[in-house]
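Reviewing the structure listed below.
Excluded from the calculations below are hydrogen atoms, water molecules and symmetry mates; all remaining heavy atoms, backbone and side chain alike, are included. The residues of the chain are indexed from 1 along the displayed sequence.
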Amino acid sequence: MSRASKLVSYRALSRVTPSRAGQIRFNNAASSATTTAACTIVSPAPSPSMACSHYYNQAAVDAAAAKNSVLLTPASLLYSGRAADSHQVLRSAQYLQRELPVRIAHRVADFRALPFVVGCHPTLLAVHELYLRAFHILSNTPTLTEPEDEIQYSGLLRQLLDEHKDVVTMLAEGFRECGRHVRDSGLVRTFLDRTLTSRLGIRLLCEHHLALRQEKPDFVGIVGTKFCPGDLVESRAALVTRMCDMKYGQSPTIRVDGNGSKAAFSYIPQPIEYVLTELLKNAFRATVEFHRGRPGPVPEVRVTVANNDVDFVIRISDQGGGVPHEIADKIFDYNFSTAEASEQHESFFDRVSESRSSSSSMHGFGFGLPASLAYARYLGGALTFETMQGVGSDFYLRLRHIDGRGDTFRI
């Protein structure tokens, strides 16, 4: 394909958008799907709608879904990224061109396997269409052979990452509204765990590739070469403190200690940022609400970081009254939130002032803890807790190092 033809193809694919009337029609209870989604190519000159067969090629999706993903270790990302010249960046893009359609096809297959009443929910249907559109775009990109091709391909990746940024919130909203129709909670957990961790892996791979061209001190792609867990805790705590002050007018102080609080080693900070933010939000909210109206200052939240040659542990301890025994086994369930009772006493202003995204509010759709657990396991670690009713809770995040000297997770 000529250079000019490739450029035209990239521009056309980047402008493919599903129409507002687009929808996926499930034709039986087993959720075998055909599509009536219309798709148009926006170009300087008016053009007719694409045939739905071009937008949703079932045979292509099935063929890609039948393939296995090729997983990479964080160490391979780190070591290959150290020598990231234009040819290495091109090889990275070529890997993504082969790999991303396979992973997205797996997600499409999972959506098609959902119960009929769940798969037809408008919000979940919209997420399904996002994945279909991404598969169509990525499966039809011209073969990458030159460094200039990689630049065009990276532009598509940035666009798709932006379009999918609200997927977690959309999934939370959709399952919260239709979850009562699903009797098998294990089915929902399996679907959401797979979808969220796959989404995390896809975003990490894409962001790593995009970051290879950027000069950022102490980073190789998305891998921080001098990652300090204590510094990350303090930065996340500063964010949560501002959120807590805005919500309640007060917040607990934070104390960070432990032999690993100032340690520095290679790690990927993005997933831990999410998990720490959710754990700190829970600790801050529980502490403030449990001590609301009581004399004296709000007790501190203590974070201890322990580190050795194999793994590191971050413990977040609060004095927020603990988790009642009757719900202790539910806090890692999707769409379950201990904040629901307190929400009943919020004012109208409190409710309308909350952001649509749960990551920017003190509580959201009950996705924070279960998603954090899924991410911790995806990273080859664990998230556990101990609680004393009437006193407080300790949450433990344990993760393995990625230096390549031991077993580690694969992205």
Side chains of [X] and [Y]: is there a donor and an acceptor less than 3.5 Å apart?
{"X": "H209", "Y": "S154", "result": "yes"}
{"X": "Q94", "Y": "R91", "result": "no"}
{"X": "R302", "Y": "S317", "result": "no"}
{"X": "D149", "Y": "T145", "result": "yes"}

Per-pair distances, 0.1 Å, donor-acceptor, side chain in residues 211-222, under 3.5 Å, sequence neighbours excluded:
from	atom 1	to	atom 2	distance (Å)
R213	NE	E150	OE1	2.9
R213	NH2	E150	OE1	2.5

Run the ring-ring contact (aromatic ring centres under 6.0 Å, His included) test against [X] and tell me which residues pass, sequence neighbours left out.
{"X": "H121", "value": "none"}
{"X": "F395", "value": "F385"}
{"X": "F409", "value": "none"}

#### Entry: Over all atoms of both residues, closest heavy-atom pair of P142 and Q97
O-NE2, 2.8 Å
### Query
Residues two or more places apart in sequence or in another chain: which of them pass side-chain hydrogen bond (donor to acceptor under 3.5 Å, both in side chains) with Q250?
none
Tell me every residue that passes side-chain contact (heavy atoms from CB on, under 4.5 Å) with [X], counting only those two or more places apart in sequence or in another chain.
{"X": "V118", "result": "L114, P115, L124, F175, C178, V182"}
{"X": "C206", "result": "L100, L157, L161, I202"}
{"X": "V70", "result": "Y95, E99"}
{"X": "V167", "result": "V127, L130, Y131, H164, L171, R199"}

### Inter- and intrachain pairs under side-chain hydrogen bond (donor to acceptor under 3.5 Å, both in side chains), touching residues 369-386, at least two apart
none
### Message
Regarding D62 and R112, does a basic nitrogen lie under 4.0 Å from an acidic carboxylate oxygen?
### Response
yes
#### Entry: All pairs passing salt bridge (Lys or Arg N to Asp or Glu O under 4.0 Å) where residues 304-315 contributes a residue, at least two apart
D311-R398
### Task
Report, as yes or no, whether the 6.0 Å neighbourhood of atom NZ on K165 holds more than 12 heavy atoms from other residues, nucleotides or ligands.
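Yes - once you tally the heavy atoms of other residues, nucleotides and ligands closer than 6.0 Å, there are more than 12.
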### Query
Does atom NZ of K330 have more than 12 heavy-atom neighbours from other groups under 6.0 Å away?
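Check fails, neighbour count at 12 or below.
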### Task
Check the angle between the aromatic planes of F111 and F191 and answer parallel, tilted or perpendicular using the 30° and 60° thresholds.
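The arrangement is perpendicular - the two ring planes meet at more than 60°.
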Show me the side-chain donor-acceptor pairs of residues 227-236 shorter than 3.5 Å, one per line, residues at least two apart or across chains.
from	atom 1	to	atom 2	distance (Å)
S235	OG	L232	O	2.9
R236	NH1	T277	OG1	3.3

